[in-house]
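Source: prediction; values computed, not measured. Here is how names work: the chains are called A, B, and so on, in the same order as the sequence lines, proteins then strands, and each is numbered from 1.
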2 protein chains.
Amino acid sequence: MKDLTAKQRAIFEYIRERVENPGRFPSYREIGRRFQLRSVATVAQHLKALEEKGFLIRDGRQLNVPDSYREKKGVAILGMVQAGSPLAAEANYDGELRLEDLGSETFAVKVQGDSMIEAGIFEDDFVIVEPRETANEGDMVVAVVGEDQSVTVKYFHKSPKGVELRPANEAYEPIRVANDPNFRLAGRVVGVLRKL
Amino acid sequence: MKDLTAKQRAIFEYIRERVENPGRFPSYREIGRRFQLRSVATVAQHLKALEEKGFLIRDGRQLNVPDSYREKKGVAILGMVQAGSPLAAEANYDGELRLEDLGSETFAVKVQGDSMIEAGIFEDDFVIVEPRETANEGDMVVAVVGEDQSVTVKYFHKSPKGVELRPANEAYEPIRVANDPNFRLAGRVVGVLRKL
DNA sequence: AAAGTTACCGAACACGCGTTCGAACCGTCA
DNA sequence: TGACGGTTCGAACGCGTGTTCGGTAACTTT
């Protein structure tokens with residue numbers, strides 16, 4: 001963020017704030033009121049300068065703040081490095097965690113039992129599931145099985161005898177679903193979330 | 001959602017869609033165009049009906065869709081029940097997972113190493129951290145230690161000799177930070193997220 | 001048969017919007 | 001000294017906005 005005059009910077013900051021909350025670009029007259037400018041032409045001039053310097057872009061008829069200047073939402077990911085504090089500097093900014101990156105169909109299931117404990121999934125964890133009717137060998141899936149239509153999280157494996165759902169816990173046996181008319185894949189597990 | 005005529009329902013659905021995306025209330029004339037209404041008075045009439053029936057509310061001069069009719073964002077949590085499919089019915093809707101519920105200061109750190117493996121935290125998992133300078137006995141924390149300011153995830157314990165950071169892995173020794181001038185708590189771990 | 005509801009129309013209104021023009025003032029740089 | 005850029009002004013424009021009025025028509029309820 002360079003090459004801006006003090007006034008232009010102030011106006012840009014105001015706009016950025018207003019675009020995030022309540023979510024729309026302020027009108028020329030609103031901006032004018034905020035900075036005691038009696039003429040909309042003055043505002044227009046400032047906005048033109050901001051546009052020319054790349055701090056605003058025009059989508060058709062509508063001015064907007066470019067994504068690169070938008071405030072970040074979600075949770076920042078700071079790389080875990082061996083030396084130096086990753087917490088002080090923004091230099092370690094390493095992306096962002098967003099649930100919105102997931103498809104809108106995605107859902108979460110709270111885990112009961114310990115059948116996937118060796119995969120690091122414990123009781124009361126949430127598994128994040130992307131709906132799918134098929135799976136690849138070795139995928140972790142959520143499936144509906146049995147007469148009571150119960151739902152389980154398991155590893156998906158194909159075998160000559162049919163589909164096998166393997167737990168990640170030696171204390172449990174794999175489930176073979178060769179002849180289960182109720183068997184249905186609910187989706188593929190794409191993430192695990194644990195709240196502490 | 002009752003007491004609406006077919007036309008009113010259609011218009012309301014259109015409005016709800018437009019409010020979510022691109023994020024603003026459509027103009028009377030836009031609504032008119034969508035439904036081939038040549039007079040804005042017709043639109044005004046429908047909107048007045050929707051307002052009277054409580055499907056729209058007025059914030060000052062601006063019409064809005066009440067929160068109760070807004071579409072849910074984030075990831076739906078479906079309860080994991082033993083019988084019955086929780087995936088078919090919305091009856092099992094059990095809340096929502098949102099990263100936005102976390103404070104704006106919250107950040108995430110990607111885990112390196114296996115020192116917390118017995119707590120179900122593996123390499124490349126993300127721990128979600130709420131910044132804090134203090135912790136309670138037994139909390140899982142992110143701390144900065146040692147001359148190289150390295151960052152670790154550990155359990156926090158107080159002892160007569162000072163603070164002890166315990167790993168969840170028998171292969172590692174606890175770290176005692178009685179006389180470490182570099183020791184600093186970065187925050188408390190409030191969640192774990194694993195992307196598969 | 002009268003009253004009410006739902007649905008639509010055209011027209012007009014006052015207002016806020018973004019845009020543009022001409023004009024001014026004050027610095028700095030050449 | 002003159003040119004230039006930043007900053008401000010007032011005025012006007014054409015357009016889209018929400019609101020309102022008066023009127024028509026089909027259908028249901030009373």
| A:R33 bridged to A:E30 by N-O distance under 4.0 Å | no
| A:V40 or A:H46, whichever maps to the more 5' nucleotide of DNA chain D | A:H46
| task | Grab the CD-C1' distance between B:Q8 and C:dC8 for me, whole Å please. | result | 14 Å
| Under the 3.5 Å rule, do the base of C:dG10 and the side chain of B:R38 count as making a donor-acceptor pair? | no
| task | Establish, with yes or no, whether the OP1 or OP2 oxygen of C:dC8 is under 4.0 angstrom from a side-chain nitrogen or oxygen of B:K7. | result | yes
| request: Provide, to the nearest angstrom, the distance between the CZ atom belonging to A:R33 and the C1' atom belonging to D:dT8. | output: 18 Å
| said: Heavy atoms only, 4.0 Å cut-off, all strands: where does A:T42 land among base, sugar-phosphate and nothing? | reply: base
| request: State whether the side chain of B:N169 and the backbone N or O of B:D114 hold a donor-acceptor pair below 3.5 Å, judged by distance alone. | output: yes
| field | A:R29 side-chain N/O to C:dT19 phosphate OP1/OP2 under 4.0 Å | value | no
| OP1 or OP2 of C:dC8 sitting under 4.0 Å from any side-chain N/O of B:Q36? | no
| said: Within the supplied structure, the quantity of interest is the number of heavy atoms (other residues, nucleotides, ligands) at a distance under 6.0 Å from B:N179 CG; does it exceed 12? | reply: no
| task | Provide, to the nearest angstrom, the distance between the CG atom belonging to A:L37 and the P atom belonging to C:dT19. | result | 16 Å
| query | How long is the line joining NZ of A:K48 and P of C:dC21, in whole Å? | reply | 9 Å
| Where each residue is assigned the nucleotide of DNA chain C containing its nearest heavy atom, which of A:E30 and B:Q45 is assigned the position nearer the 5′ end? | B:Q45
| task | Could you tell me the separation between the CG atom of B:L4 and the C1' atom of C:dA7, rounded to a whole number of Å? | result | 15 Å
| task | May I have the distance from B:Y28 (atom OH) to D:dT20 (atom P), rounded to whole angstrom? | result | 9 Å
| field | Shortest non-hydrogen contact between B:M116 and B:R166, atoms and distance | value | SD-O, 4.3 Å
| For atom CD of A:Q62 and atom P of C:dG18, their distance in whole Å | 8 Å
| query | Roughly, in whole Å, what's the span from CG in A:L63 to P in C:dC17? | reply | 14 Å
| message | Has A:E51 got a side-chain atom pairing as donor or acceptor with A:R58's backbone, closer than 3.5 angstrom? | response | no
| message | Under 4.0 Å from OP1 or OP2 of C:dC17: is there any side-chain N or O of A:S27 that close? | response | yes
| Do the side-chain N or O atoms of A:T5 get closer than 4.0 angstrom to the phosphate oxygens (OP1, OP2) of D:dT7? | yes
